[in-house]
S.K.: 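Take a look at the following structure, please.
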Amino acid sequence: MDKILSLITEEVSKAFAQKGYSENFGKSSRSNRPDLCEYQCNGAMAAAKVYHKAPFLIADEIKEALNDNKLFESVESVKPGFLNIILNKQFLADYLNGMDSDQRYGCDKAKKKKTIVIDYGGPNVAKPLHVGHLRTAIIGESIKRIQKFMGHEVFGDVHMGDWGLPMGLIMTELKVRKPQLSYFDSGYCGEYPKEAPFTLTELEEIYPYASSYAKEHPEYKEDAMQATVYIQQGIPGYKALLEQILKISVEDLKKNYGNLNVSFELWKGESDAQPFIPAMVEKMKKDGFAHVSEGALVVDVKEDTDTKEIPPCIIEKSDGASLYATTDLATLVQRMQDYHPDEILYVVDKRQDMHFVQVFRCARKIGIIPDTVKLEFLGFGTMNGKDGKPFKTREGGVMRLETLLSDINEQMYEKIAENHTVEEEEGRKTAKMVALSAIKYGDLSNQASKDYVFDLERFTSFEGNTGPYLLYTIVRMKSILTKYSKAGKNAEQYRILPAHSESEKELMTVISGFNAMMENASLENAPHKVCSYLYELANAFNHFYHETKIMIEENQEIQGGYIKLLILTKNIMETCIDVLGFEAPDRM
RNA sequence: GCACCUGUAGCUCAGGGGAUAGAGCGGUGGAUUCCGGUUCCACAAGCGGGGGUUCGAAUCCCUCCAGGUGCGCCA
């Protein structure tokens with residue numbers, strides 16, 4: 001469906017053209033003075049300059065031309081040259097009925113379907129997820145869902161940190177503890193065992209131990225570096241062991257991401273990119289892009305227009321080992337080969353901005369990424385505590401994601417159980433859903449690029465601009481619908497009617513903006529726009545609901561119309577929270 | 001030192017050339033006992049400071065101030 005603003009703009013533009021002005025002045029928008037009108041057009045003021053004519057005279061002419069237009073209840077020309085527009089109620093009702101009969105509530109899929117890869121995980125294997133992984137998961141998942149909703153093909157890639165010295169450290173420590181394992185026997189030619197020789201808990205304990213041990217014992221670190229080389233060389237035992245580590249880790253990661261309602265299409269890691277490195281490096285050498293500087297192999301990526309120093313992209317360290325940028329570049333090679341994306345989006349901490357500038361430039365320079373493919377870095381800000389400093393546990397450490405989630409779930413359960421009697425099982429399930437809405441909405445309602453304050457007390461409140469408040473609104477709507485159908489009624493036969501009240505019209509107006517909002521959120525990768533829309537919609541509904549006694553309305557057609565409006569509101573709200581990555585329970 | 005980002009009400013955040021800058025929380029004073037706890041009204045209070053561009057600036061430009069972050073072999 002055409003967006004309602006497009007329809008309005010179209011009519012106003014026609015009026016401008018009809019009166020001899022450029023139709024470009026017809027661009028209209030939602031009014032910023034709701035007390036005066038619903039929509040406005042400021043084109044007359046801009047036109048005044050071009051045509052050397054008083055703006056209000058132009059506005060008067062346009063008003064004149066729009067007087068009998070079916071779309072508008074009224075068009076007024078005001079003071080300097082504003083055009084104040086109020087929409088025709090029947091037109092609005094028709095528009096909403098159109099939305100209602102559309103599976104997508106009036107929001108068309110994008111005209112050009114794109115293939116997009118989103119990189120939004122970055123967990124390290126053998127290390128538990130912690131709060132530092134929360135934002136990328138929440139934001140990335142939401143952007144993925146928004147883009148999918150718009151009809152694009154999207155691959156979410158967890159892109160695990162499963163390469164480099166950390167892996168070598170783990171293996172070195174394993175060898176110390178369990179030297180008898182066949183993985184370490186270079187003469188071993190048989191099958192390696194199917195079962196991993198360690199548990200997840202062991203694994204999580206081994207890495208930090210090995211890491212700190214290596215800092216104080218150079219010879220141990222030497223071993224770890226050697227082990228790293230073995231892994232890189234693909235020595236069978238080490239390769240097999242890495243696979244075991246991955247298997248155990250991925251299983252756990254899936255569980256934890258699952259609790260966040262986050263999922264990935266691709267479970268790739270840095271190790272998957274390694275096979276692409278040799279040929280890539282060879283080519284950039286051959287093409288003359290890579291050269292040795294200060295002992296390292298680098299590609300210059302600075303440009304004349306830079307206002308600051310952009311260091312070269314380091315491909316190989318002086319000892320020949322590859323690093324972060326190399327892996328990311330090789331990953332790009334792999335992604336181009338496997339998915340042919342139109343766009344690759346990184347949802348990563350904004351402190352890594354520089355790194356991605358280097359990688360992107362390098363990728364274009366050496367020809368991995370053609371100009372037709374868009375590379376985008378969406379850097380998000382830090383999650384701070386209420387003191388405004390990075391979020392830490394009371395002891396000053398990094399909090400495990402599992403701990404954070406279970407704490408919040410528990411808190412939410414108590415809150416729910418306090419207010420009414422629920423079955424333990426249902427209560428726990430509901431608490432989990434509400435808690436997730438609290439965390440996700442708390443994060444997503446801020447602009448991703450800014451730092452934000454993680455204030456649990458505020459996020460979990462049932463009042464104000466919070467996830468639980470939105471869920472509550474939806475739950476109440478469900479409750480009304482249940483009552484309605486229990487009375488033996490069915491709203492199918494009815495249509496949404498022209499608004500009977502100001503609050504109903506306001507609700508209808510907000511609903512009609514759904515498609516424009518969604519399209520915009522998609523273009524800007526901006527979940528927070530979905531959030532503010534949701535909140536506006538919930539408020540508009542609550543206002544309407546407060547003033548309108550739906551259940552005692554005697555006129556069946558009017559009541560049916562209300563119910564239809566309520567259903568549409570609920571469906572849109574549910575669509576919105578779905579793209580944000582959470583869902584509403586039936587009761588709470 | 002250089003560069004980038006941020007600075008909007010007491011607090012947390014929207015708004016990114018147009019009319020009187022919006023919410024939520026908190027505060028004060030009222031109305032409401034209503035389809036589930038959800039609502040409304042009023043009051044107090046704000047675009048970090050200073051210049052400039054424009055008919056019009058929270059929004060664009062310059063400058064200063066404050067905070068955060070980043071600046072070749074970590075990821």
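Every chain is numbered from 1 and lettered A, B, ... according to where its sequence line falls, protein lines coming before strand lines. All of these numbers come straight from a predicted model, not from anything done at the bench.
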S.K.: Measure the distance between the ring centre of Phe82(A) and the centre of the six-membered base ring of rG18(B), then answer whether it is under 5.5 Å with planes under 30°.
M.R.: no
S.K.: Spell out, as yes or no, whether a donor-acceptor pair under 3.5 Å connects the side chain of Ser271(A) to the backbone of Trp163(A).
M.R.: no
S.K.: Describe the nucleic acid contact of Met588(A) in one word from base, sugar-phosphate, nothing, applying a heavy-atom distance below 4.0 Å.
M.R.: base
S.K.: Report yes or no: does Lys350(A) contribute a side-chain atom to a donor-acceptor pair with the main-chain N or O of Ser449(A) at less than 3.5 Å?
M.R.: yes
S.K.: Of Trp163(A) and Pro80(A), whose closest RNA chain B nucleotide lies nearer the 5' terminus?
M.R.: Pro80(A)
S.K.: Using the C1' atom on both, measure rG67(B) against rC25(B) and round to a whole Å.
M.R.: 24 Å
S.K.: Could you walk me through whether Lys389(A) and Asp387(A) satisfy the salt bridge (Lys or Arg N to Asp or Glu O under 4.0 Å) test, starting with their C-alpha distance in whole Å, then the side-chain angles of each, then the deciding distance to 0.1 Å, before giving a yes or no?
M.R.: CA-CA 5 Å; Lys389(A) 291 179 190 148; Asp387(A) 58 359; 5.2 Å; no
S.K.: Looking at rC71(B), rA75(B), rG37(B), which one has an atom nearest to any side-chain atom of Gln352(A)?
M.R.: rA75(B)
S.K.: Rounding to the closest angstrom, what is the interatomic distance between rG48(B) and rG29(B) at atom P?
M.R.: 32 Å
S.K.: Checking the side chain of Glu574(A) only, and the main-chain atoms of Ala584(A) only, is there a donor and an acceptor separated by less than 3.5 Å?
M.R.: no
S.K.: Taking a pair as Watson-Crick or G-U wobble with both distances under 3.5 Å, which nucleotide is matched to rU32(B)?
M.R.: none
S.K.: Among rC73(B), rU12(B), rA75(B), which nucleotide has an atom closest to any side-chain atom of Ile314(A)?
M.R.: rC73(B)
S.K.: Between rG36(B), rA14(B), rA75(B), which nucleotide has the shortest distance from any of its atoms to the side chain of Asn446(A)?
M.R.: rA14(B)
S.K.: Whole Å only: how far is the CD atom of Gln447(A) from the P atom of rC13(B)?
M.R.: 11 Å
S.K.: Is there ring stacking between Tyr545(A) and rC35(B), where the centres must be under 5.5 angstrom apart and the planes under 30 degrees?
M.R.: yes
S.K.: Could you check whether the side chain of Ser318(A) and the base of rC73(B) have a donor-acceptor pair of N or O atoms closer than 3.5 Å, going by distance alone?
M.R.: yes
S.K.: Determine the interplanar angle of the Phe377(A) and Phe356(A) rings, folded into 0 to 90°, and report it as parallel if under 30°, tilted if 30 to 60°, perpendicular if over 60°.
M.R.: parallel
S.K.: Which is true for Ser293(A) with a 4.0 Å heavy-atom rule: it touches a base, it touches only sugar-phosphate, or it touches nothing?
M.R.: base
S.K.: With a 3.5 Å limit on both atom pairs, tell me what rU59(B) is paired to, counting Watson-Crick and G-U wobble, or say none.
M.R.: none
S.K.: Can you see whether Glu547(A) engages Ser503(A) through a side-chain donor-acceptor pair at a distance of less than 3.5 angstrom?
M.R.: yes
S.K.: Parallel, tilted or perpendicular for Tyr452(A) and Phe459(A), by the 30°/60° rule?
M.R.: parallel
S.K.: If the plane angle is over 60° it's perpendicular, under 30° parallel, otherwise tilted; pick one for Tyr562(A) and His500(A).
M.R.: perpendicular
S.K.: Nearest of rC35(B), rG18(B), rG72(B) to any side-chain atom of Met551(A)?
M.R.: rC35(B)
S.K.: Can rG72(B) be described as syn, meaning its chi torsion is within 90° of 0, or is it anti?
M.R.: syn
S.K.: Would you mind reading off the distance between Arg351(A) atom CZ and rG68(B) atom C1', rounded to a whole angstrom?
M.R.: 10 Å
S.K.: Set out, in order, the CA-CA distance, both residues' side-chain angles and the distance that settles side-chain hydrogen bond (donor to acceptor under 3.5 Å, both in side chains) for Asp60(A) and Ser77(A), then state yes or no.
M.R.: CA-CA 6 Å; Asp60(A) 281 347; Ser77(A) 156; 2.7 Å; yes
S.K.: Quick check on RNA chain B: between Tyr452(A) and Ala325(A), whose nearest nucleotide comes earlier from the 5' end?
M.R.: Tyr452(A)
S.K.: Tyr469(A) side chain: which of rG72(B), rA14(B), rU38(B) is closest?
M.R.: rU38(B)
S.K.: Rounding to the closest angstrom, what is the interatomic distance between rC11(B) and rU54(B) at atom C1'?
M.R.: 36 Å
S.K.: Taking His159(A) as the fixed residue, which of Thr331(A), Asp272(A), Val348(A) is the one that meets the side chain to side chain contact (heavy atoms under 4.5 Å, CB included) rule?
M.R.: Thr331(A)
S.K.: Taking atom types as they are modelled, is there a donor-acceptor pair under 3.5 Å from the base of rA19(B) to the side chain of Asn84(A)?
M.R.: yes
S.K.: Is rG67(B) paired to anything, Watson-Crick or G-U wobble with both distances less than 3.5 Å, and if yes, which nucleotide?
M.R.: rC5(B)
S.K.: Taking CG from Asn384(A) and P from rC11(B), how many angstroms apart are they, rounded to a whole number?
M.R.: 16 Å
S.K.: Which nucleotide, rG15(B), rC13(B), rG36(B), lies nearest any side-chain atom of Val453(A)?
M.R.: rC13(B)
S.K.: Taking atom P in both rG1(B) and rC61(B), what distance in whole Å separates the two?
M.R.: 24 Å
S.K.: Taking everything shown except Glu502(A) itself, do over 12 heavy atoms lie less than 6.0 Å from its CD?
M.R.: no
S.K.: Can you tell me how the ring of Tyr51(A) sits relative to the ring of Phe25(A), calling it parallel under 30°, perpendicular over 60° and tilted otherwise?
M.R.: perpendicular
S.K.: Please state how far atom CE in Met45(A) lies from atom C1' in rG56(B), giving the value in whole angstrom units.
M.R.: 8 Å
S.K.: Any chance you could list the contact pattern along nucleotides 1-8 of chain B? Use B for base contacts, S for sugar-phosphate-only contacts and - for none, protein heavy atoms under 4.0 Å, 5' to 3'.
M.R.: --SS-SS-
S.K.: What is the base-pairing partner of rC73(B), counting Watson-Crick and G-U wobble geometry with both distances under 3.5 Å?
M.R.: none
S.K.: Examine distances only and state if a side-chain atom of Ser142(A) and a backbone atom of Ile139(A) form a donor-acceptor pair shorter than 3.5 Å.
M.R.: no
S.K.: What distance, rounded to whole Å, do you find between the two C1' atoms, one in rA58(B) and one in rU8(B)?
M.R.: 7 Å
S.K.: Nucleotides 21-32 of chain B: which of its N/O atoms have a protein N/O under 3.5 Å away?
M.R.:
from    : atom 1 : to        : atom 2 : distance (Å)
rG24(B) : O2'    : Asn465(A) : N      : 3.3

S.K.: Would you indicate, yes or no, if rC74(B) has its OP1 or OP2 atom less than 4.0 angstrom from a side-chain nitrogen or oxygen of His355(A)?
M.R.: no
S.K.: For nucleotides rG37(B) and rC5(B), find the distance between their C1' atoms and express it as a whole number of Å.
M.R.: 42 Å
S.K.: Return the nucleotide paired to rU54(B): Watson-Crick means purine N1 to pyrimidine N3 with N6-O4 or O6-N4, wobble means G-U with N1-O2 and O6-N3, both under 3.5 Å.
M.R.: none
S.K.: Rounded to whole angstroms, how far apart are CD on Gln40(A) and P on rG17(B)?
M.R.: 14 Å
S.K.: Figure out the NZ/P separation between Lys49(A) and rG18(B), and round it to whole Å.
M.R.: 14 Å
S.K.: Contact class for Ile552(A) (heavy atom, under 4.0 Å): base, sugar-phosphate, or nothing?
M.R.: nothing
S.K.: Indicate, with a heavy-atom threshold strictly under 4.0 Å, whether Thr548(A) touches base, sugar-phosphate, or nothing.
M.R.: base
S.K.: Distance check, P atoms only: rU69(B) and rC13(B), in whole angstrom units.
M.R.: 16 Å
S.K.: Among rC35(B), rG70(B), rC73(B), which nucleotide has an atom closest to any side-chain atom of Met354(A)?
M.R.: rG70(B)
S.K.: Is there a donor-acceptor contact under 3.5 Å linking the side chains of Tyr469(A) and Asn542(A)?
M.R.: yes
S.K.: Please give, in whole Å, the distance from rG15(B) P to Met517(A) CE?
M.R.: 14 Å
S.K.: Considering every strand shown, what is the Watson-Crick or G-U wobble mate of rC25(B) when both distances are under 3.5 Å?
M.R.: rG10(B)
S.K.: Which whole-number value in Å describes the distance from Lys317(A) NZ to rA75(B) C1'?
M.R.: 11 Å
S.K.: Determine the interatomic distance between C1' on rA14(B) and the same-named atom on rG7(B); round to the nearest Å.
M.R.: 15 Å
